[in-house]
Amino acid sequence: MTTPLTLTPGVGPDGAALLTVAGEIDMSNTGTLAAALDRTPGPLILDLTSVDYLDSAGLSVLFDHAERITLIANPLLTPVLTVSGLAGLATVHDGDPGLG
């Protein structure tokens, strides 16, 4: 069974592509996330403030795009992004995508 995941495309405050993610990112839906990231060229703001869970499969997808993504993370995800090393490869901001 696939865990519900909502992906909403948009435009960030600086004109860069924005993808707002809500739900849980796990091995059951990482293909959907990867496809959305692959379809979006250039720099991308990934708003994860409404993500409640991120497993290693989800991290792997994010690592594949680390050179071009800016992550907006909630306080629950920030330690995961830091400990995994992703925060050292991608730009990570806390909270509001408007602050990115």
Side-chain angles (χ1 to χ4, degrees):
M1 185 169 145
T2 303
T3 304
L5 183 67
T6 303
L7 304 172
T8 306
V11 178
D14 64 355
L18 170 68
L19 184 62
T20 302
V21 184
E24 297 182 1
I25 303 171
D26 63 26
M27 65 186 265
S28 73
N29 58 28
T30 54
T32 302
L33 177 60
L37 294 174
D38 290 341
R39 280 192 308 269
T40 308
L44 173 64
I45 300 167
L46 198 57
D47 180 356
L48 303 176
T49 56
S50 294
V51 171
D52 300 320
Y53 178 78
L54 174 65
D55 75 2
S56 60
L59 281 170
S60 179
V61 170
L62 298 180
F63 269 101
D64 289 344
H65 297 273
E67 74 285 346
R68 67 183 193 94
I69 59 175
T70 297
L71 301 169
I72 311 300
N74 64 45
L76 179 69
L77 295 184
T78 302
V80 173
L81 300 174
T82 301
V83 170
S84 70
L86 186 59
L89 299 175
T91 302
V92 177
H93 297 284
D94 291 327
D96 180 8
L99 300 175

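In this chain, residues are counted from 1 in sequence order.
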key: Partner set under side-chain hydrogen bond (donor to acceptor under 3.5 Å, both in side chains) for Thr3, not counting sequence neighbours   = Asp26, Ser28
ask   = side-chain contact (heavy atoms from CB on, under 4.5 Å) with Ser84: which residues, sequence neighbours excluded?
value = Leu59, Phe63, Leu86
List, one per line, each side-chain donor-acceptor pair under 3.5 Å for residues 72-83, sequence neighbours excluded.
unit_1, atom_1, unit_2, atom_2, d
Asn74, OD1, Leu76, N, 2.9
Asn74, OD1, Leu77, N, 2.9
Asn74, ND2, Leu48, O, 3.4
Asn74, ND2, Thr49, O, 3.2
Asn74, ND2, Val51, O, 2.8
Thr78, OG1, Asn74, O, 3.1
Thr78, OG1, Asp94, OD1, 3.1
Thr82, OG1, Thr78, O, 3.0

ask   = Are any non-hydrogen side-chain atoms of Val21 and Leu7 less than 4.5 angstrom apart?
value = yes
inquiry  = I'd like to check Val61 versus Ile25 (side-chain heavy atoms, cut-off strictly below 4.5 Å). Are they in contact?
reply    = no
Atom of Thr70, atom of His93 and distance for their closest heavy-atom approach = CG2-CD2, 3.5 Å
Please tabulate, for side-chain N and O atoms in residues 34-43, each donor-acceptor pair with protein atoms closer than 3.5 Å (sequence neighbours left out).
unit_1, atom_1, unit_2, atom_2, d
Asp38, OD1, His65, NE2, 3.2
Thr40, OG1, Ala36, O, 2.9

Side-chain heavy atoms of Leu46 within contact of Leu62, under 4.5 Å = yes
inquiry  = Here's a test for you: under side-chain contact (heavy atoms from CB on, under 4.5 Å), which of Leu19, Leu71, Asp14 qualifies with Ile45?
reply    = Asp14
task = Would you give the length of the straight line joining atom OG of Ser60 to atom CG of Leu33, rounded to the nearest 0.5 angstrom?
result = 10.5 Å
request  = Nearest 0.5 Å please: distance from the OG1 atom of Thr91 over to the CD1 atom of Ile69.
outcome  = 9.0 Å
request  = Could I get the full list of side-chain contact (heavy atoms from CB on, under 4.5 Å) partners for Thr8, not counting sequence neighbours?
outcome  = Thr6, Thr20
